[in-house]
There are 4 protein chains.
Amino acid sequence: MSTTQARGPRWERRKESRPAELLAAALEFFVERGYAATRLDEVAARAGVSKGTLYLYFPSKEDLFKAVVRETIVPQIDELRRSVDRADDDCAELLRSFFAQWWQRFGASRLGGIAKLIVAEAGNFPEVARFFQEEVIEPHSELLVAIIERGIQRGEFAPVDARLAAQLWIAPLALKAIWTNSMDALCPPEARLAPERLLQAHTEFVLAALRPQPTGAAS
Amino acid sequence: MSTTQARGPRWERRKESRPAELLAAALEFFVERGYAATRLDEVAARAGVSKGTLYLYFPSKEDLFKAVVRETIVPQIDELRRSVDRADDDCAELLRSFFAQWWQRFGASRLGGIAKLIVAEAGNFPEVARFFQEEVIEPHSELLVAIIERGIQRGEFAPVDARLAAQLWIAPLALKAIWTNSMDALCPPEARLAPERLLQAHTEFVLAALRPQPTGAAS
Amino acid sequence: MSTTQARGPRWERRKESRPAELLAAALEFFVERGYAATRLDEVAARAGVSKGTLYLYFPSKEDLFKAVVRETIVPQIDELRRSVDRADDDCAELLRSFFAQWWQRFGASRLGGIAKLIVAEAGNFPEVARFFQEEVIEPHSELLVAIIERGIQRGEFAPVDARLAAQLWIAPLALKAIWTNSMDALCPPEARLAPERLLQAHTEFVLAALRPQPTGAAS
Amino acid sequence: MSTTQARGPRWERRKESRPAELLAAALEFFVERGYAATRLDEVAARAGVSKGTLYLYFPSKEDLFKAVVRETIVPQIDELRRSVDRADDDCAELLRSFFAQWWQRFGASRLGGIAKLIVAEAGNFPEVARFFQEEVIEPHSELLVAIIERGIQRGEFAPVDARLAAQLWIAPLALKAIWTNSMDALCPPEARLAPERLLQAHTEFVLAALRPQPTGAAS
DNA sequence: GATGAATGAGTCTTCATTCAT
DNA sequence: TATGAATGAAGACTCATTCAT
């Protein structure tokens with residue numbers, strides 16, 4: 001007597017994928033609700049396991065939190081590293097590419113949500129915040145600084161304080177990334193500004209500000 | 001040297017000043033730790049009263065939270081209203097003044113901390129977030145849009161999409177205000193960028209971007 | 001300069017009446033909500049004084065409770081005492097009168113509410129319950145027993161176990177008195193049985209049960 | 001003499017039996033102390049579990065209360081239903097049996113305690129009181145009314161207002177049931193009237209009151 | 001006396017964490 | 001491993017009681 005009603009799921013869920021599923025579920029909740037308001041039963045439930053199982057992989061809520069941060073960030077860092085020593089385009093193109101990539105990683109991925117989370121919890125988890133600062137913010141910042149400085153050296157850009165400019169010019173994208181994971185959920189989609197437009201406009205403004213002044217006549 | 005402070009009364013009757021003291025204490029904690037991690041006994045203790053007293057003035061933690069937000073924001077809104085219809089300076093000056101004032105209100109006051117808080121808790125307190133959006137963000141944004149548009153009409157500024165530009169150009173200050181209440185606490189003061197320098201550099205960049213292109217000949 | 005706007009109420013509330021007003025207010029709440037669910041601010045408010053004033057007259061909630069019980073009961077006891085050694089009517093008439101009076105005191109007054117309260121709180125306030133038992137229940141019971149026994153001795157009533165009968169025959173009225181202060185509030189008035197009808201029917205049944213059997217023929 | 005009880009596990013897994021144990025413990029406390037004075041840790045402790053465990057089975061104190069009421073009452077309702085359509089004895093016998101059963105259910109079981117509880121809390125939990133009224137009081141009352149009316153129709157009983165009589169004649173047993181869970185705990189056992197005697201005496205009185213008057217000749 | 005602001009012990013309730021199965 | 005029942009520390013909230021005014 002053959003019944004097609006199998007006794008389990010068709011594919012056994014692999015144990016190796018458990019941590020990843022848990023991290024994904026936790027990421028969702030942490031970003032949506034914040035650290036304290038995220039309950040571990042819900043995380044476990046969304047990952048399709050029991051609460052006890054979660055503890056087989058992560059010894060505490062705090063560790064889960066740190067793992068979420070680390071696991072979401074680390075691949076981004078690696079990608080970043082690869083793109084640092086790149087093409088020898090003219091610097092304007094490099095800058096365009098930098099902003100586009102930055103948005104890809106932060107705004108379009110979950111990293112913006114992580115950033116919001118870390119900003120919110122910096123007071124409670126300083127090590128996590130420091131980790132983020134050192135592993136994400138500073139490298140990105142360095143990269144932008146390097147591009148600007150190279151452009152100045154080559155005479156492609158007007159001379160500016162590169163460090164200061166970098167901080168100023170990442171902000172619009174960073175804030176948009178944070179907003180996307182926070183206030184934007186409240187507005188109807190049509191009321192939000194499309195990130196592509198923002199990205200493009202920002203890039204052009206920056207390049208305008210960096211355009212070398214015609215020496216001679218005007219001065 | 002005799003101190004007159006001898007074992008005084010167990011407590012003083014200070015109905016008038018209590019709410020303000022409690023709100024101040026709550027603001028500190030909420031900004032520092034976030035909503036959930038703030039404990040009401042600690043708020044009460046910092047305000048110098050017992051837990052029960054807090055409940056004489058605020059019926060619940062949530063109400064306290066909302067009151068903190070409202071009370072911190074409302075005076076700012078009022079100031080903003082007053083400054084809307086202002087001098088008839090040239091628009092570049094108006095813009096400088098706008099950024100300076102904006103920083104005064106957000107960065108130098110506690111409003112930046114509130115902003116961080118609201119961004120963090122938008123998912124849990126959508127009404128609060130909406131309130132902030134409508135009463136703070138949008139009015140400020142409108143004001144900047146108005147300045148830019150006036151400048152364009154008068155030919156003082158290059159033609160730009162004012163709404164888009166406004167969003168882009170508030171971001172560096174806004175992020176700095178948020179950062180001041182979050183990540184900056186981790187860095188030693190000397191490692192942080194002085195807000196005044198950032199403010200000035202930003203203003204100049206914006207004005208550069210708005211400088212009307214010499215039409216005709218030069219191009 | 002005469003203003004007709006007096007500076008206080010026309011009649012100063014006499015301090016001697018304060019305790020009575022407080023007791024009346026407390027009685028209402030205790031009967032309606034029970035001991036624990038009655039809040040002293042509400043009692044004070046209904047009596048038109050502040051919470052602190054309540055404590056000038058009653059040292060604690062428990063004392064207030066006991067005072068309410070005592071003050072509601074004691075006048076009834078006194079009335080009872082006066083009516084014990086009464087007219088020399090025939091016993092049937094005495095019985096009618098007893099039931100009528102009983103209802104007047106318990107059902108029509110607040111004593112029924114007190115009874116409910118004491119029954120409910122007997123476990124928490126045994127002394128109060130004992131007081132009620134000794135000062136109210138037993139005297140009333142004794143009185144009924146006395147009437148029945150007198151009737152039997154005179155041959156007006158059939159011989160019965162007077163003590164047992166007394167307990168049985170007070171029950172319908174007692175339960176009605178309790179019900180009036182409890183479940184009856186839930187029914188629309190027209191659904192409730194009028195106490196007068198119940199009283200009358202009960203009296204007749206009891207007298208029927210006490211009617212001496214015609215000796216002789218039937219036996 | 002060796003006891004096998006050696007430092008056993010900290011707790012046992014007993015999902016099936018927990019609710020019943022908790023309900024039993026809660027019933028004890030609610031009846032003994034009333035709703036408000038019952039503390040949930042004590043209920044949990046008496047059931048041999050921790051406070052948290054209680055919340056695995058009942059979401060709040062109020063729900064626990066309602067569950068206690070429901071679970072104590074429902075089986076009684078079911079038994080009642082079964083006994084409704086019963087034997088075709090003569091009505092006097094039916095009445096005897098009704099009273100005996102009634103006492104069995106109310107006085108001998110915990111239902112009397114529940115009744116006390118509901119009477120006490122009717123003001124605070126009207127739905128619970130209404131439930132009790134509709135599911136317990138009215139069905140029992142209907143049953144008694146039906147018996148009396150049948151007896152009258154058959155000429156076995158004197159004509160009476162059955163509804164009124166039913167209310168009067170349940171009262172002595174009902175009050176005894178309530179008393180057993182309240183005032184009786186204060187008296188030494190020998191001072192209390194044995195319920196069997198009360199039951200028997202009551203039954204006889206009722207039957208006496210229902211005995212048809214010899215029409216004609218004798219009067 | 002009268003007031004009502006202030007107190008703090010006491011309870012309900014939540015949830016991260018443990019552990020018998 | 002996986003489960004989920006059980007735990008208990010922690011925190012919001014209430015309210016009888018006190019006491020400065």
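Any value given below was found using the heavy atoms of this structure, including those in side chains, with hydrogens, waters and symmetry copies removed. Chain letters run A, B, ... following the sequence lines, proteins first, then strands; residues in each count from 1.
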Euclidean distance, atom CD of residue D/E16 to atom P of F/dA5 [Å, nearest integer]: 9 Å

Under 4.0 Å protein heavy-atom contact, by nucleotide of nucleotides 10-15 of chain E - B base, S sugar-phosphate only: BSSBBS

Qualifying residues under side chain to side chain donor-acceptor pair (under 3.5 Å), relative to A/D41, sequence neighbours excluded: none

Integer-rounded Å distance: E/dT3 P and B/K15 NZ: 16 Å

Separation of E/dT17 P from A/Y57 OH (nearest whole Å): 18 Å

Assigned partner base of E/dT21, Watson-Crick or wobble definition, under 3.5 Å: F/dA2

Geometric cation-pi criterion, D/R70 with D/F131: 6.0 Å, 45°: no

Parallel, tilted or perpendicular: ring planes of B/F65 versus B/F125, cut at 30 and 60 degrees: tilted

Residue D/E16 excluded, over 12 heavy atoms near CD under 6.0 Å: no

Strand partner of E/dG8, provided both Watson-Crick or wobble distances fall under 3.5 Å: F/dC15

Under 4.0 angstrom between C/T53 side-chain N/O and E/dA2 OP1 or OP2: no

Interatomic distance, B/E12 CD vs F/dT21 P [rounded to whole Å]: 7 Å

Derivation of the salt bridge (charged side-chain N to carboxylate O under 4.0 Å, His left out) call for D/R130 and D/E127: CA-CA 5 Å; D/R130 216 182 308 274; D/E127 338 81 90; over 6 Å; no

Between F/dT14 (P) and C/E42 (CD): distance, integer Å: 13 Å

Between C1' of E/dC19 and CG of A/L56, the distance in whole Å: 12 Å

Between F/dT17 (P) and B/W11 (CH2): distance, integer Å: 17 Å

Sugar-phosphate only, base, or nothing, as touched by B/F58 at under 4.0 Å among non-hydrogen atoms: nothing

N/O (side chain, A/R18) to phosphate O (OP1/OP2, F/dA2) under 4.0 Å: yes

side-chain contact (heavy atoms from CB on, under 4.5 Å) evaluation trace for D/I114 with D/I73: CA-CA 8 Å; D/I114 289 287; D/I73 287 174; 4.2 Å; yes

Between P of F/dA5 and CZ of D/R13, the distance in whole Å: 6 Å

Note: C/R33-C/E28 ion pair, threshold 4.0 Å (strictly below): no

